Protein chains: 2
Amino acid sequence: MSAVQGNGKQVGIKAVAKLAGTSPATVSRVLGGNATVRPDLVARVMDAVKQLNYAPNPAGRNLRVGGSRTVGMVVPDIENQFYTSVLNGADEVLADAGYTLILAHYGENPERERMHLARLRAENAAGVIFAPSRKLSDEYSRMREAGMPLVAVSRRPHGLDVDQVTVAERKGTREAVRYLLQLGHKRVGMVSASLDTSTARERKAGFVEAFSSDGAACRPELVICAQFHSVGGYHTGGYQAMQRMLALPERPTAVFVGSNNLTLGALQAIHESGIEIPSGIAVVGFDDMPWAASLRPALSVVAQPGREMGAAAARLLLRRIASPECATREEVLDTRFVVRESCG
Amino acid sequence: MSAVQGNGKQVGIKAVAKLAGTSPATVSRVLGGNATVRPDLVARVMDAVKQLNYAPNPAGRNLRVGGSRTVGMVVPDIENQFYTSVLNGADEVLADAGYTLILAHYGENPERERMHLARLRAENAAGVIFAPSRKLSDEYSRMREAGMPLVAVSRRPHGLDVDQVTVAERKGTREAVRYLLQLGHKRVGMVSASLDTSTARERKAGFVEAFSSDGAACRPELVICAQFHSVGGYHTGGYQAMQRMLALPERPTAVFVGSNNLTLGALQAIHESGIEIPSGIAVVGFDDMPWAASLRPALSVVAQPGREMGAAAARLLLRRIASPECATREEVLDTRFVVRESCG
DNA sequence: CTGAAAGCGCTAACAA
DNA sequence: TTGTTAGCGCTTTCAG
C-alpha cells in the first residue's frame with residue numbers, strides 16, 4: 001500500500017540503499033539524523049529518498065525499537081465542544097513534535113474506554129492523554145505500572161498519581177455564584193452533572209463555598225443532579241433537572257448550570273416555562289461555547305481554556321516521554337468569568 | 001511498555017505458547033480465529049492469554065501482513081460540530097469492525113493536510129476517510145494509484161474517482177429558499193462560504209435554482225461570500241459578510257446562511273444592527289447544530305445527517321477494503337428542512 | 001565512518 | 001491438526 005512504485009513493489013530502505021550505492025544501515029543513520037555520515041553520502045541518500053519518494057515504514061521501526069510515535073487521546077464525548085478544543089490544543093503541539101493522535105472516543109461507556117486502553121497498551125502507544133470515565137478503570141494503573149506516560153486532563157483520576165492539567169473550577173464557580181449573591185439573590189440553585197466526576201464535585205464544592213462568606217445559606221435541596229439519558233444524552237438530563245428546579249415550591253431566582261452539556265436542555269426548560277431570563281431567573285453556565293454569546297439573552301459563563309488545557313497536557317506528556325522518572329506535576333489553569341446578559 | 005509482566009519483560013506470543021505448551025503458530029491460529037485447532041488446545045491457549053494478560057503487538061502483525069488496522073480521518077476543522085458528528089458516526093462502525101481511528105486534523109491548512117496524508121501512506125493505513133481542503137492535494141491521487149482505499153465525505157474531491165458520501169445540498173437549499181420565496185419574500189440573499197468547496201458551490205447552485213421556477217429573479221449581488229479570517233476564523237467571516245449584506249442599498253428581507261460556521265457571526269451582525277428576526281429579516285441556516293433550537297428566535301435550518309454520513313462513509317470504506325476493485329459508489333443522503341421561528 | 005548481520009513479534013508456507 | 005522455519009522493514013550492535 002505505502003510508498004509504492006509503478007511496479008507495485010514496496011520501496012523500502014534497501015531500495016534506497018541500492019540506489020544510493022550504500023547500505024541500509026547508512027540510510028537509517030542519515031534519516032535518523034543522530035549519527036555522523038560523510039556529507040556526500042548524505043546527499044546521495046537524500047537524493048535516492050526523494051527519487052523513490054521513500055517514507056520509512058513505522059511498523060518496522062516500531063517493532064525494532066519497541067515503541068511508537070502515536071499518542072492516544074481518550075475522551076468521553078467527541079461531540080462536546082469542550083473536549084474538541086482540548087483535542088485541538090493537544091493535536092497542535094503533538095503534531096509539531098512528530099506524534100500521531102489516535103482517537104479513543106468512548107461515549108461515556110466504560111467498556112469502550114477499557115477496550116481503547118487495552119489497544120493503546122498493545123499498540124505500544126508513546127503515551128496517553130485522558131479524561132477518564134466516572135468509575136476509573138484499573139487499566140490506567142496497569143498502564144502506569146507498565147511505565148506508560150499518562151496525563152489526565154480536566155477530570156482528576158481518583159487515586160492515580162499521574163501528571164494532570166485541570167482548571168480551578170472550585171474557585172471559578174465560587175466567584176460566579178458570589179457574583180449572583182452580591183446581586184441580591186437569596187435563593188440560588190445549581191443544576192449539576194452527577195457527582196461521579198471530579199469536575200462535578202469541584203464545581204459543587206465551589207457552589208457551596210460561595211455561601212460561606214455571605215449571610216445567605218446554601219440549601220441542599222437547591223442543587224439538583226442531572227442524569228445522563230441513553231436517548232437524548234445530557235440534553236435531556238439538563239432539561240429534566242431544570243424542570244424539577246422550576247417546579248420547586250419556592251423556586252430559585254438564580255441558577256448556576258454546572259456543565260456545558262446540560263446548558264441547552266436547561267435553557268429549553270426555562271423557555272418552555274415562560275419564565276424570563278434574567279428577570280424571572282438569572283442564569284450562569286459553565287464553558288464559553290461559541291454559541292453562548294448568541295443566545296438571547298447572551299449567556300454569562302465560567303469559561304475554561306480548552307485549547308490551552310490540551311496544549312498543556314501535550315507538553316506534560318512530551319516531558320514525561322523524555323524523562324519518565326520525573327515527579328508528577330499538576331498544572332491548574334484559571335477560569336475566566338464572562339459576564340453577559342443572562343445574570344442581569 | 002505493553003503487556004509487561006512484573007519482571008518488566010514484554011509478554012509476546014512465545015511466552016503464551018510456552019505457558020500453553022504449544023507453538024507460537026498455534027497461538028496465532030487460535031487468536032486469528034480462521035483455522036481449525038483442537039478444542040482443548042484452544043482452551044489452554046486462551047487460559048494462557050488471560051493469565052499473562054497478553055495482547056498481540058500490532059506492529060509485528062502489521063509488518064508481517066503489510067497493512068494495519070487503522071484508518072485515517074482527515075477533517076478540516078475538528079471544532080466544527082458537523083465534522084465531529086461525522087467522526088462519531090464513522091468511529092462507531094469502524095471501532096466495531098476492529099479499526100482504530102487516526103485523527104488527521106488539518107485546520108484548513110493544505111500543508112498540514114499533505115503532511116498527514118504522507119504519514120498515513122507511510123503508516124500503511126487500511127484506508128482514509130476525508131473531507132479535502134479547498135485545493136485538492138495530489139497526494140490523494142497518488143494514494144489512489146497505490147491502491148489505498150479512500151472515501152470522501154461531505155466535500156466532493158474534484159476529478160478524483162473515489163467512493164463518496166454526500167448530501168443532496170442543492171435540493172435541500174433549493175427547497176428552503178423556495179419556502180422563503182413562497183412566504184412572499186422578494187429579495188432574498190445568501191451568505192456563502194467561499195466557492196472553492198463543492199459544498200459551497202452546490203448550495204449556491206441550489207439557491208440560484210430556487211428562483212427559476214418562480215417569478216422572482218435571483219440577484220447576483222445578493223450572494224455574498226465570506227472570507228476565512230486567520231483570527232476569528234469563520235465567525236468573523238460570517239459577521240463581516242452579513243454586515244455587508246445589511247449595508248446594501250436595498251437590503252434583503254430574508255437571508256440564507258450557507259454554512260454552519262458562518263451562522264453565529266452572521267446572527268451577531270444582525271443583532272448589532274438592531275434588525276429583528278424574522279420581522280425585519282428572515283433567516284435560514286445550514287446544519288442543525290444543538291444550539292439552533294435554543295436561539296431566540298429558534299433558527300430554521302437545512303439539517304444534514306452528520307452521524308449517518310460518517311457511518312455510511314465507514315461502511316463504504318469497509319466494503320472497499322474487503323473488495324478493492326469494485327466500482328466506486330456515491331451515496332447521497334437527504335437533508336431535512338427544519339422550520340422553526342427564524343423564517344417567520 | 002561504514003557495512004554485515006541479528007532480531008524485534010508476528011503470520012503464512014511448508015512439512016510432518 | 002500442529003510445529004518449524006522464514007522473513008516482513010527497520011535499527012543497532014559489532015567488526016572492520
Side-chain angles (χ1 to χ4, degrees), chain A residues 1-5 8-45 48-49 52-69 119 121-125, chain B residues 1-5 8-45 48-49 52-69 98 119 121-126:
Chain A
M1 231 91 82
S2 106
V4 173
Q5 283 295 82
K9 225 187 130 300
Q10 289 245 351
V11 19
I13 200 169
K14 284 192 288 206
V16 178
K18 195 157 110 188
L19 182 59
T22 179
S23 73
T26 299
V27 176
S28 176
R29 284 191 267 256
V30 170
L31 267 46
N34 37 17
T36 25
V37 178
R38 229 174 40 223
D40 62 306
L41 251 188
V42 173
R44 286 222 310 274
V45 168
V49 165
L52 296 175
N53 188 27
Y54 168 74
N57 179 344
R61 173 179 208 282
N62 294 347
L63 191 53
R64 177 65 231 239
V65 299
S68 74
R69 281 190 153 289
R119 218 200 359 233
R121 190 163 53 83
E123 293 216 327
N124 254 306
Chain B
M1 227 94 79
S2 106
V4 172
Q5 283 296 82
K9 227 186 129 301
Q10 289 247 348
V11 18
I13 200 168
K14 282 191 290 206
V16 178
K18 195 158 110 191
L19 181 60
T22 179
S23 74
T26 299
V27 176
S28 177
R29 285 191 268 255
V30 170
L31 268 45
N34 37 18
T36 23
V37 179
R38 229 176 38 225
D40 62 307
L41 251 186
V42 173
R44 289 224 307 276
V45 167
V49 164
L52 297 175
N53 189 25
Y54 167 73
N57 179 345
R61 170 177 212 283
N62 293 347
L63 192 53
R64 176 67 231 236
V65 299
S68 72
R69 279 188 156 291
R119 216 198 4 230
R121 191 162 53 83
E123 293 217 329
N124 255 306

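What you see below is based on every heavy atom in this structure, not just the backbone, and it leaves out hydrogens, waters and symmetry mates. Since the structure is predicted, the reported quantities are computational estimates derived from the model, not experimental observations.
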Over how many whole Å does the gap from [X] atom [atom1] to [N] atom [atom2] extend?
{"X": "B:Arg61", "N": "D:dG9", "atom1": "CZ", "atom2": "C1'", "value": "17 Å"}
{"X": "B:Asn57", "N": "D:dC8", "atom1": "CG", "atom2": "P", "value": "18 Å"}
{"X": "B:Leu31", "N": "C:dC10", "atom1": "CG", "atom2": "P", "value": "9 Å"}
{"X": "A:Tyr54", "N": "D:dG9", "atom1": "OH", "atom2": "P", "value": "10 Å"}
{"X": "B:Ile13", "N": "C:dA12", "atom1": "CD1", "atom2": "P", "value": "11 Å"}
{"X": "B:Asn34", "N": "D:dT1", "atom1": "CG", "atom2": "P", "value": "14 Å"}
{"X": "A:Asn62", "N": "D:dT11", "atom1": "CG", "atom2": "P", "value": "10 Å"}

Check your understanding: So, B:Ser68 side chain and B:Asn124 main chain: donor-acceptor pair closer than 3.5 Å or not?
Key ->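 A pair under 3.5 Å: yes.
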Exercise for review: For the pair A:Arg29 (side chain) and A:Ala35 (backbone), establish whether a donor and an acceptor sit closer than 3.5 Å, ignoring hydrogens and angles.
Suggested key: no
Practice item. Could you check if a side-chain atom of B:Val11 sits within less than 4.5 angstrom of a side-chain atom of B:Asn53, using non-hydrogen atoms only? Key: no
Considering just the side-chain nitrogens and oxygens of [X], establish if one lies under 4.0 Å of OP1 or OP2 belonging to [N].
{"X": "B:Ser28", "N": "C:dC10", "answer": "no"}
{"X": "A:Thr26", "N": "C:dG3", "answer": "yes"}
{"X": "B:Thr22", "N": "D:dT2", "answer": "no"}
{"X": "B:Arg38", "N": "D:dT1", "answer": "no"}

Practice item. Return the nearest nucleotide to the side chain of B:Val37; candidates are C:dC8, D:dT11, D:dT2. Key: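 My answer, after comparing the listed nucleotides, is D:dT2.
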Exercise for review: Name the nucleic acid region contacted by B:Ala59, choosing base, sugar-phosphate or nothing; use a 4.0 angstrom heavy-atom cut-off, strictly under.
Suggested key: nothing
Check your understanding: NA contact type, A:Pro56, heavy-atom cut-off 4.0 Å: base, sugar-phosphate, or nothing?
Key -> sugar-phosphate
Practice item. Of all the heavy-atom pairs spanning A:Asn62 and A:Gly67, show the shortest one and how long it is. Key: OD1-O, 3.1 Å
**Study point:** Earlier contact from the 5' end, DNA chain C, for B:Ala25 and B:Leu63
**Key:** B:Leu63
Point to revise | Residue mapping more 5' on DNA chain D - nearest nucleotide basis, B:Pro39 or B:Arg64 | key: B:Pro39
Practice item. Could you check A:Arg29 against B:Pro24 and say which one's nearest nucleotide on DNA chain D is further toward the 5' end? Key: B:Pro24
Check your understanding: About how many Å separate CG of B:Leu52 and NZ of B:Lys18, when rounded to the nearest 0.5 Å?
Key -> 10.5 Å
